Structures are given as C-alpha cells and as structure tokens.
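Bear in mind that the values here come from a model prediction, so they are computed numbers and not experimental data. Just so you know, these numbers use all the heavy atoms, side chains as well, and skip hydrogens, waters and symmetry mates. FYI, the numbering just counts along the sequence from 1.
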Amino acid sequence: MVASADRLYNAEQVRRLDASAIEAHGIPGIELMERAGRSAFEAARRAFPQARRWQIFCGGGNNAGDGYIIARLAQEAGLSAQVCALRPPDHLSGDAAVAAQRWLQADGATQPLPPDPSDRFDLVIDALLGTGLDRAPEGDYATAIDWINKAGLPVLAVDIPSGLDADTGVVRGRAVRARATVTFIGNKRGLYTADGPDYAGAITFSDLETPETVRDAVPDSGILLHEKIIRQSLRRRHRNSHKGSFGWVLGIGGNSSMSGAVRLCGEAGLRAGAGKVTLATIPDHAALVNLTCPELMVRGVRRGKELKTLLRQVDVSVIGTGLGQTSWSEDLFKTCMRTEVPIVLDADGLNILARLYPEMGRAGDLPRGNWVLTPHPAEAGRLLGCPAREVQQDRIAAALAVAERFDATVILKGCGTVVAERSGRYAICPLGNPGMATAGTGDVLAGVVGALVAQHLDLWTAAAAAVVAHALAGDLAAREIGERGMIASDITARLPRVLNPDH
C-alpha cells in the first residue's frame with residue numbers, strides 16, 4: 001500500500017479530494033481549513049523555533065484563509081503576527097471569509113502592501129496563491145512575491161509556493177522561493193520536479209486527519225520513489241548461486257572518441273550486480289576499454305550481424321552509450337531491434353530512434369514493448385518532435401507521451417526524474433543533486449537499469465529502482481566529496497553501498 005505522503009496528484013485531483021472529504025465524509029470545509037492552518041503553524045514552529053515576528057501574506061482564496069488561521073494561532077501563542085492582505089477581508093467568500101473574520105474578532109488587523117520598511121520580521125508566511133494558479137502572477141501579487149524574495153528572510157509556503165504550477169513544477173513568471181512548504185490532503189506533484197525542488201525547500205505533508213478513503217476516492221497515477229524500493233525489489237541472494245544467476249548484460253556503443261561512455265555503462269552494470277557484462281564496440285577500442293576493469297568482457301564488432309550470437313545468449317542489451325550516429329551505429333541499432341531480448345536505449349540510440357521512427361513504424365518494427373528508454377529533455381523532444389523547452393514545461397506529460405508513442409517504460413532524466421509507462425502510471429524521484437549534472441552520469445544510469453533487468457526485475461521496477469539507486473549513490477558522493485567536481489565514476493563507486501542497504 002502506498003503511503004498518503006507518497007501519492008502524487010495534480011491540482012484537479014486535489015480539488016476532488018477536498019470535495020470527497022467535505023461531501024462524502026462530512027468534514028466541514030472550515031474544519032479542514034482550521035486543520036490546514038494548524039498544520040502549517042506547527043510546521044513553522046518546528047522549522048523556525050527562534051522566529052518571534054511573523055509576516056503573513058494573504059491572497060484572495062482558500063490559501064488566504066489558511067494564512068489568517070496561522071496568524072491567529074501565532075498571536076495566541078504570544079508571537080507577533082502581522083497580516084498583509086492583498087484582498088480586503090470583507091471581499092473574501094466562503095470558508096476564507098470565516099477564517100478572516102475569526103482573525104479580526106481576535107483583535108487582528110491587516111496591513112497594506114508593501115509592509116512598512118521599518119518593520120522587522122523573522123519569518124514570512126506565503127499564503128498568497130494556492131494550487132489554482134493558471135497564469136503568471138500580476139499586479140499586487142507580483143509585487144508581493146518580489147518583496148518576499150528580496151527580503152532575505154526564511155519563508156514557509158502554505159500548500160505550494162505562490163507562482164509555482166502544482167501540475168508541472170514550472171514557475172509561471174515569478175514564484176516565492178520558500179525554505180519550507182507544508183502541503184495538504186494530497187501531495188502536489190509539481191513540488192518534486194522541474195523548478196519545484198528549488199522553490200519548495202523542505203516539504204512536509206499533512207493529510208489533515210482525513211481517512212485514507214479520501215485519497216482512495218480519487219485514483220492517483222503518481223507516486224514518489226524512495227530508498228525502500230531497493231529493499232523491496234532486491235532480495236537477499238542465495239548462497240548456492242553463480243554468475244549466471246544474476247544475468248548477462250550486453251552493452252553496445254563506444255564509437256570513435258567515445259569509448260569512455262560504454263566503459264562507464266559496463267562497469268556500472270557490474271557494480272549494480274549483473275553476473276556478467278560484455279561490451280560490443282568498434283575493433284579499435286576492443287583491447288583498451290577494459291584495461292582498468294578486467295572484469296568486463298569486450299568484443300570488437302564491425303557490423304550488426306556479428307552481434308546475433310551474443311544477442312541470443314544475453315538477458316538484456318544496453319545500446320546507445322557513445323554509439324554515435326554513423327552507419328555502423330545504425331547497423332547495430334537495427335540488429336538489436338530485430339531481436340526479442342529486452343533493450344535499454346540511451347543517448348545516441350534514442351537519437352537514431354527519433355530519426356528512424358517513421359521508417360520503423362512503416363516496417364512494423366514498432367511498437368516493441370519490452371524496452372526502457374532513458375532520454376534527457378532534448379532527446380525526449382526529438383522523440384516527440386518538439387523542442388526541449390516544451391518537454392520541460394510539463395515533464396510528466398512528456399514522459400507519458402514518449403511511453404505511449406513507443407510502448408515503452410521511460411526514464412525522463414533531470415531534476416525530479418520521471419519514470420512513466422504506457423498505462424499512465426508515473427513516479428517521480430525526489431533524490432539526487434546538481435553534482436550529478438556532469439558527463440557520463442547517464443551512461444552509468446543506463447548500466448544500472450540494464451543490470452537490474454538482467455537480474456529479472458520487471459521493466460517498471462528495474463527502471464524505478466535504478467533511478468533511486470543512481471540518485472542515492474550521487475547523494476552519497478555529494479556528502480563525501482561535494483557536488484562541485486563530482487564525476488560519473490564517483491557514482492559508480494558507491495552503487496554497491498546503496499544496493500546492499502543491510503550490509
């Protein structure tokens with residue numbers, strides 16, 4: 001069973017969760033709002049215990065109602081709470097109006113925008129805009145967001161940082177940069193991908209004491225990935241095992257001047273637990289690729305037909321790392337595509353696929369089904385026939401579109417890596433760090449995916465577990481040596497530690 005905090009929703013789904021709590025479970029809307037305000041207040045006290053003077057920015061919807069409740073609770077706790085209201089309390093409606101009246105009845109007041117520069121605050125609460133944002137903030141809202149970001153104070157965002165799209169994680173023009181965010185009733189997927197992690201800070205989820213049946217009422221298609229997937233997927237090995245028990249990976253690539261890519265992929269496959277890894281590369285590289293990793297087997301191949309015997313023996317092929325886009329590259333790619341062996345397709349393998357897609361479709365070579373595609377945004381754009389910036393505008397939709405078009409399990413790499421499949425299922429990995437934005441890390445990931453497929457995990461589980469293992473190894477490297485200057489081999493070296501959590 002997926003925990004409440006690990007279920008991911010878009011804004012429309014969250015609205016349906018609210019409706020389910022109110023209509024089907026009989027929880028008054030104002031009671032939900034009081035619970036949300038208290039959750040945010042308590043989170044602020046935990047995160048910023050020294051803050052005594054709070055500036056609360058309230059907008060015009062339910063998010064504002066949460067802000068008024070936070071202000072009232074802060075005042076009751078003996079803190080200084082000042083509310084900057086972008087819409088007068090008497091212009092509010094519904095539960096937000098009730099919350100504002102309770103603040104005023106508690107001798108609270110509202111201040112105009114911007115706050116008096118002579119006032120001094122320790123903490124800012126962002127209750128300006130909620131999940132219903134559908135355009136860039138304008139007017140007073142833009143002014144307030146700019147003030148918050150320039151103030152240099154700790155910020156706690158209520159439900160989602162104002163200006164951040166709850167569905168895509170993309171900033172609409174401008175957004176509040178929060179140090180912490182408290183989100184309610186349904187976890188918003190936009191907090192975890194694209195710009196979301198940079199703007200949300202540390203995320204706390206509150207189910208507002210609603211029963212789990214509230215979330216069951218709205219079918220969720222997204223989950224957050226965590227370290228536990230490794231424990232769940234990779235069981236303790238039997239003592240009576242041999243190298244054939246853990247699969248044979250064939251890595252194909254390493255064209256002229258790119259032997260390092262296939263080498264990184266191959267060693268990552270071994271470090272991720274594959275029993276055997278063979279690399280197929282151009283003959284000029286064959287004697288050199290494994291000089292510092294003799295555990296790798298290497299085969300020099302001049303044309304695709306030389307792969308046929310190997311492809312009948314291995315458990316998975318990983319093609320594309322350093323493959324290039326020459327006639328040699330295309331020949332090897334087509335040879336792999338004509339077999340039944342599962343494929344992990346990366347880098348130039350994806351570029352060749354994008355170029356040959358119309359031809360392959362006409363020839364009946366697609367859809368294939370048993371493969372994992374691992375594009376970065378530019379490669380995903382080529383597969384979809386659009387610019388990378390369009391992919392980044394909605395990473396989840398793009399990953400699902402690639403999965404649908406190619407009948408594949410897809411790993412869309414980047415901040416908040418997305419794993420998706422044709423059924424509409426998707427997951428986001430909240431792990432990893434900017435130090436991993438360096439040459440070769442994608443080659444390492446491809447090798448890890450291949451190794452887990454070779455160890456008989458289904459494609460979805462192999463992709464999800466590989467993304468988590470790769471990110472955890474990167475985070476471990478960042479803690480030990482720092483983000484700046486991390487290289488792909490630093491991730492590979494730490495794979496056994498994250499793939500053997502009980503060791």
Review item, side-chain donor-acceptor pairs of residues 171-179, under 3.5 Å, at least two apart:
unit_1 : atom_1 : unit_2 : atom_2 : d
Arg172 : NE     : Asp165 : OD2    : 3.0
Arg172 : NH1    : Asp134 : O      : 3.3
Arg172 : NH2    : Asp165 : OD2    : 3.0
Arg174 : NE     : Asp146 : OD1    : 2.9
Arg174 : NE     : Asp146 : OD2    : 3.4
Arg174 : NH2    : Asp146 : OD2    : 3.2
Arg177 : NH2    : Tyr199 : OH     : 3.3

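Here the side chains of Leu234 and Leu499 are in contact, with some heavy-atom distance below 4.5 Å. Taking the side chain as every heavy atom from C-beta outward, Arg382 and Leu350 never approach each other to under 4.5 Å. Here the side chains of Ile203 and Tyr192 are in contact, with some heavy-atom distance below 4.5 Å. In this structure, the side chains of Ile185 and Asp18 come closer than 4.5 Å at one or more pairs of heavy atoms.
Of all the heavy atoms in Cys386 and Val391, the pair that sits closest is SG-CG2, 4.0 Å. The two residues Phe184 and Ala40 make their nearest non-hydrogen contact at CZ-CB, 4.2 Å. In terms of heavy atoms, Cys265 sits closest to Val318 at SG-CG1, 3.7 Å. Of all non-hydrogen atoms in Ala274 and Val249, the two that sit nearest each other are CB-CG2, 3.8 Å. Across all their heavy atoms, Thr281 and Trp328 have their closest contact at C-CZ2, 3.8 Å. Heavy-atom minimum distance, Cys336 versus Ile343: O-CD1, 3.6 Å.
A salt bridge between Lys334 and Glu359 is present, with a side-chain N of the basic residue lying under 4.0 Å from a carboxylate O of the acidic one. In summary, Lys276 and Glu295 do not engage in a salt bridge, as defined by a charged side-chain N under 4.0 Å from a carboxylate O. The pair Arg7-Asp216 meets the salt-bridge criterion, since a charged nitrogen lies less than 4.0 angstrom from a carboxylate oxygen. Between Arg395 and Asp195 there is no salt bridge, since no side-chain N of the basic residue sits under 4.0 Å from a carboxylate O of the acidic one. Salt-bridge formation is not detected for the pair Glu306/Arg302: no Lys NZ or Arg NE/NH1/NH2 atom is positioned less than 4.0 Å from an Asp or Glu carboxylate oxygen.
The closest donor-acceptor contact from the side chain of Asn290 to the backbone of Leu296 lies under 3.5 Å. In this structure, Asp126 contributes its side chain and Leu156 its backbone to no donor-acceptor pair below 3.5 Å. A donor-acceptor contact shorter than 3.5 Å is absent between the side chain of His470 and the backbone of Val448. The closest donor-acceptor contact from the side chain of Asn433 to the backbone of Ala478 lies at 3.5 Å or more, if one exists at all. Counting only distance, with no hydrogens or angles, the side chain of Asp331 and the backbone of Ser327 share no donor-acceptor pair below 3.5 Å. In this structure, Ser329 contributes its side chain and Thr326 its backbone to a donor-acceptor pair below 3.5 Å. Judged purely by atom type and a 3.5 angstrom limit, Ser241 uses its side chain to pair as donor or acceptor with the backbone of His238. Not one N or O on the side chain of Thr181 forms a donor-acceptor pair closer than 3.5 Å with the backbone of Ile160. Judged purely by atom type and a 3.5 angstrom limit, Gln13 uses its side chain to pair as donor or acceptor with the backbone of Asn10. Side-chain N or O atoms of Ser317 include none that pairs as donor or acceptor with a backbone N or O of Ile319 at under 3.5 Å.
Taking Arg231 as the reference, Asp502 meet the salt bridge (Lys or Arg N to Asp or Glu O under 4.0 Å) condition, with sequence neighbours excluded. In this structure Phe205 satisfies the ring pair (Phe, Tyr, Trp, His ring centres under 6.0 Å) test with no other residue, sequence neighbours excluded. Qualifying side-chain contact (heavy atoms from CB on, under 4.5 Å) partners for Ser423, counting only residues two or more places apart in sequence or in other chains: Glu421, Arg425.
For residues 480-489, the side-chain hydrogen bond (donor to acceptor under 3.5 Å, both in side chains) pairs, not counting sequence neighbours, are Glu480-Arg494, Glu480-Arg497. A side-chain hydrogen bond (donor to acceptor under 3.5 Å, both in side chains) check over residues 437-456, counting only residues at least two apart or in different chains, returns the pairs Arg237-Gln455.
If you check the side chains of Thr409 and Trp371, you find no donor sitting under 3.5 Å from an acceptor. Judged by distance alone, the side chains of Asp207 and Thr210 never bring a donor and an acceptor atom under 3.5 Å apart. No hydrogens or angles considered: nothing links the side chains of Thr168 and Asp394 as a donor-acceptor pair under 3.5 Å.
Between Lys308 atom NZ and Arg338 atom CZ the span is 7.5 Å, to the nearest 0.5 Å. A distance of 7.0 Å separates CG in Leu8 from CD1 in Ile396, rounded to the nearest 0.5 Å. The CD atom of Glu267 lies 9.5 Å from the CG atom of Leu495; values are rounded to the nearest 0.5 Å. Between Thr492 atom OG1 and Arg263 atom CZ the span is 8.5 Å, to the nearest 0.5 Å. Interatomic distance, Asp6 CG to Ile223 CD1, rounded to the nearest 0.5 Å: 7.5 Å. With values rounded to the nearest 0.5 angstrom, Leu476 atom CG is found 10.5 Å from Ile491 atom CD1.
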- prompt: Passes side chain to side chain donor-acceptor pair (under 3.5 Å), Asp346 versus Thr321? Steps please.
  reply: CA-CA 6 Å; Asp346 185 47; Thr321 54; 5.8 Å; no
- prompt: side-chain contact (heavy atoms from CB on, under 4.5 Å) between Thr335 and Leu332: does it pass, once the steps are laid out?
  reply: CA-CA 5 Å; Thr335 300; Leu332 268 58; 5.6 Å; no
task: Test salt bridge (Lys or Arg N to Asp or Glu O under 4.0 Å) on Lys188 and Asp167 and set out the steps.
output: CA-CA 7 Å; Lys188 287 74 184 173; Asp167 292 356; over 6 Å; no
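For Arg299, the CZ atom counts as loosely surrounded, since its 6.0 Å shell holds 12 or fewer non-hydrogen atoms of other residues, nucleotides or ligands.
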